[in-house]
Amino acid sequence: ARCHFTFPFQLMCLDVFRKYKIQILLISVIILLNGPFLSEKHISIQRQLIDLEKLAYLSEGECASAMSSSNTDQLDAAGKKPCPLCPEEKFKACYSHKLHRHLQNLHWKVSVEFEGYRMCICHLPCRPVKPNLIGDQTSSKMGAHYHCIICSATITRRTDMIGHIKRHVNKGETESRYIAASAAKPPREVLKEADTDIQVLPNYSTPQKTDSYFNPKMKLNRQLIFSTLAVLAEERKPLECLDAFGATGIMGLQWAKHLGNAVKVTINDFNENSVTMIQENCHLNKMKVMLDSKEEDECDEALEEGEENVGAIEVTKMDANVLMHLRSFDFIHLDPFGTSVNYLDSAFRNVRNLGIVSVTSTDISSLYAKALHVARRHYGCNIVRTEYYKELAARIVVAAMARAATRCNKGIEVLFAVALEHFVLVVVRVLRGPTPADETAKKIRYLIHCQWCEERIFQKDGNMVEENPYRQLPCDCHGSMPGKTAIELGPLWSGSLFNTGFLRRMLFEAVQHGLDDIQPLIKTLICEAECTTLKQFSIHECGVVIKTPDTGTDYYVVHGKRKSNEICRNATKKQKAEANAEHPSFYYNIHRHSIKGMNMPKLNKFLQYLSQAGFRVSRTHFDPMGVRTDAPLSQFKAILMKYSTPTYAGGQSEGHVQSTADTRTDCIPMSVDGRADELMGNDKSSDESLFPDVLTED
């Protein structure tokens, strides 16, 4: 049978065993017979309040006399005693009557009851707490918590502890199998991603409850960064790469494991527990660990005989700003928990020329205009919620990176920017010198946004004060609506967000390394960068080829060994020319501008209608129903209205509606500068001049 001895009963047994001098023999017999079944409960788990008071005598070796007495007279005469569940700095030693009130009010009354036991609140430093960085100081305040009687979990809130116990009961886990936290390490789970194994702690996907945060939903982000580094590794070798916030070290391990000697990886983290886990994950993947540029001796012992390590990884425990100020790198990735503006200055300070800085921002509440005051405080931007809020977030981050680079006398070239549900990823190339810095600073502008029709345009570059800034907007809402109709957003990045040639090489590297998850996204980015609707991608022996159905021309993405081939040379010149042609800024959501009572055309057909009207058009990854085009909003709505069908005529084929007098007024196209032509005086010839292909189709 199992031994379910309470802690006071065990002390009484020891006293009896000591009298008969058979303590060692009996304990040995108990351990041999019932060792696998013994369970040690935490001292905060007791049946009665008197048991909790008697724990105060254990510190001075008075347990035998305390446990043998059946009353509390000896407790009152014992002098000052400390609280067994509070550290000395929180509650100093006091007399028994004051200790009794303290235990009853602060521990016993807020306890959680389960099967006759009380799980009292504990203030001892037995729960690891993440340090909070406040300036240059580190706050390590220990919080109160409960110890679960069933498992080894520590819960901070009483309501959470009650729910935790209920989940155990629902699963049928009501038998105590508690193991003290100091006696055993918490169980770890081994996950695998891209042929890389990592150990993670419980609650690994909740950053508030674990030191080493690992988010499986960021797999797409890690693959994009890996493809970026693989392209840079083809340009120059070896690369010195930095993962400034390693956590579990999954990203740096993938770099070193798949790129080999082409990269020299440094994984950094300020948390000591995270650094320990990074080292263990390196040993798990059979890689050497370099500490302070010295090879760790224990790594060779960890590897089994006959197995060779893949590479060496340098692991550092340092503040990210200090590390980037001390050393230079070719590739730096910043992925802090929240905003990254605190690390941009140090990242651009020592990054090498033509190096790459990638930033992952997860503070989407401020970037996606849900916390406007936080965006103003962190990024210095005035924003509102718009239909293009995701691209607005990407341009906010690029503007912050551009300002940090120009302060270091450097410029940037945006390679690509991705804004998805959980993060905003921006990757830029660093260009040293005052000239690139000046060109970068010129691309930071304010945006004029109309609050009525949501038309937008960047302000013109210049120092002169404009009398009427509403004239820059293509719409005429200010003249027809009362009051102020537009607001000023920014400062934002007004340049291009994509580099077509770099994205093509990323697609090639993704195909080479078998990264199937990001290939559709990269193809969308390539079409978005060129502002085309091309969808035919194929693999050529010289690289990745994008086939153009209209002209039959092949655009080579990446070149292999046939550099002397004339086709590859022409493709290189074509890429340089396309990199200079910037895509249209922002996009329109087709549902946002739909007409009430009308059935819209299919999105792909609507893209064809815009293309036939002579506008550049493409899909966008920012919004699945978004359309990136250089057409003004007025003409966008006019074409949408023309090819929409009434709701009652759903069975008819898609085509433009026979306009009445009112409908024709709405369908009259607007000129590019935003001023409407004579509404009812325009004849058919003037309409055909603006839409020659669209209006003459029928």
Side-chain angles (χ1 to χ4, degrees), residues 6-11 39-67 69 71-114 116-132 134 137-162 164-165 176 178-184 186 208-209 211 272-273:
T6 61
F7 186 70
F9 181 74
Q10 293 175 6
L11 294 177
S39 61
E40 180 184 356
K41 298 181 180 63
H42 194 263
I43 60 175
S44 63
I45 304 174
Q46 299 294 334
R47 287 185 178 272
Q48 298 178 359
L49 179 60
I50 186 64
D51 298 334
L52 197 60
E53 295 180 15
K54 292 177 182 179
L55 294 176
Y57 292 85
L58 297 179
S59 60
E60 298 184 4
E62 302 176 3
C63 60
S65 60
M67 297 306 163
S69 62
N71 51 42
T72 60
D73 295 339
Q74 294 182 356
L75 295 177
D76 297 337
K80 293 184 178 181
K81 301 299 177 183
C83 177
L85 300 180
C86 294
E88 186 178 358
E89 58 270 13
K90 181 175 179 61
F91 184 80
K92 295 183 180 181
C94 61
Y95 290 102
S96 59
H97 65 280
K98 187 175 181 180
L99 178 62
H100 176 79
R101 290 199 307 266
H102 169 78
L103 293 175
Q104 183 177 9
N105 297 331
L106 274 76
H107 295 280
W108 193 257
K109 285 187 178 181
V110 293
S111 61
V112 178
E113 187 177 1
F114 177 74
Y117 284 94
R118 289 291 190 97
M119 292 169 280
C120 302
I121 192 168
C122 176
H123 294 272
L124 297 177
C126 48
R127 173 182 171 87
V129 178
K130 296 175 64 177
N132 297 324
I134 305 175
Q137 300 178 355
T138 303
S139 173
S140 59
K141 182 180 179 181
M142 304 303 297
H145 55 276
Y146 295 88
H147 291 266
C148 180
I149 192 175
I150 299 177
C151 64
S152 58
T154 55
I155 311 297
T156 55
R157 296 183 179 181
R158 185 175 184 272
T159 54
D160 296 341
M161 187 66 195
I162 296 175
H164 179 79
I165 293 295
S176 175
Y178 181 84
I179 300 177
S182 59
Q208 292 85 358
K209 296 184 179 181
D211 292 326
E272 185 175 357
N273 296 331

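Remember, it's a predicted structure, so these values are computed and weren't measured experimentally. Index from 1, following the sequence.
Looking at heavy atoms from C-beta onward, Cys83 lies out of side-chain contact with Lys90 at the 4.5 angstrom threshold. Inter-residue side-chain proximity for Phe91 and Pro82 is flagged as unmet; no heavy-atom pair is nearer than 4.5 Å. Side-chain atoms of Leu106 and His123, non-hydrogen and from C-beta on, never get closer than 4.5 Å to each other.
A 6.0 Å sphere centred on CD of Glu272 holds no more than 12 heavy atoms belonging to other residues, nucleotides or ligands.
Between the NZ atom of Lys92 and the NZ atom of Lys98 there is a distance of 10.0 Å, given to the nearest 0.5 Å. The structure places CD of Glu113 at 11.0 Å from CD1 of Ile162, a figure rounded to the nearest 0.5 Å. Put simply, SG on Cys120 and CD on Gln104 are 11.5 Å apart, with the number rounded to the nearest 0.5 Å. The distance from the OH atom of Tyr146 to the NE2 atom of His164 is 13.5 Å, given to the nearest 0.5 Å. Rounded to the nearest 0.5 Å, atoms OG (Ser96) and CZ (Arg101) are 10.0 Å apart.
Just one of Ile45, Ile43, Leu103, Leu99 meets the side chain to side chain contact (heavy atoms under 4.5 Å, CB included) condition when paired with Leu52; it is Leu103.
Judged as a side chain to side chain donor-acceptor pair (under 3.5 Å), and not counting sequence neighbours, the contacts of Lys109 are Asn105. In terms of the side chain to side chain contact (heavy atoms under 4.5 Å, CB included) criterion, residue partners of Cys122 (sequence neighbours excluded) are, by chain and number, His42, Ser44, Leu124, Cys126, His145, His147. Residues passing the salt bridge (Lys or Arg N to Asp or Glu O under 4.0 Å) test with Glu88, sequence neighbours excluded: none. In this view, Gln48 and Ile50, Asp51 satisfy the side chain to side chain contact (heavy atoms under 4.5 Å, CB included) rule, not counting sequence neighbours. For the ring pair (Phe, Tyr, Trp, His ring centres under 6.0 Å) test, no residue two or more places apart in sequence or in another chain qualifies with His100.
Summarising the geometry of Lys80 relative to Tyr95, their closest heavy-atom pair is CE-CE1, 3.5 Å, with the distance given to 0.1 Å. Across all their heavy atoms, His107 and Ile121 have their closest contact at ND1-O, 2.8 Å. Heavy-atom minimum distance, Ile165 versus Phe114: CG2-CD1, 3.6 Å.
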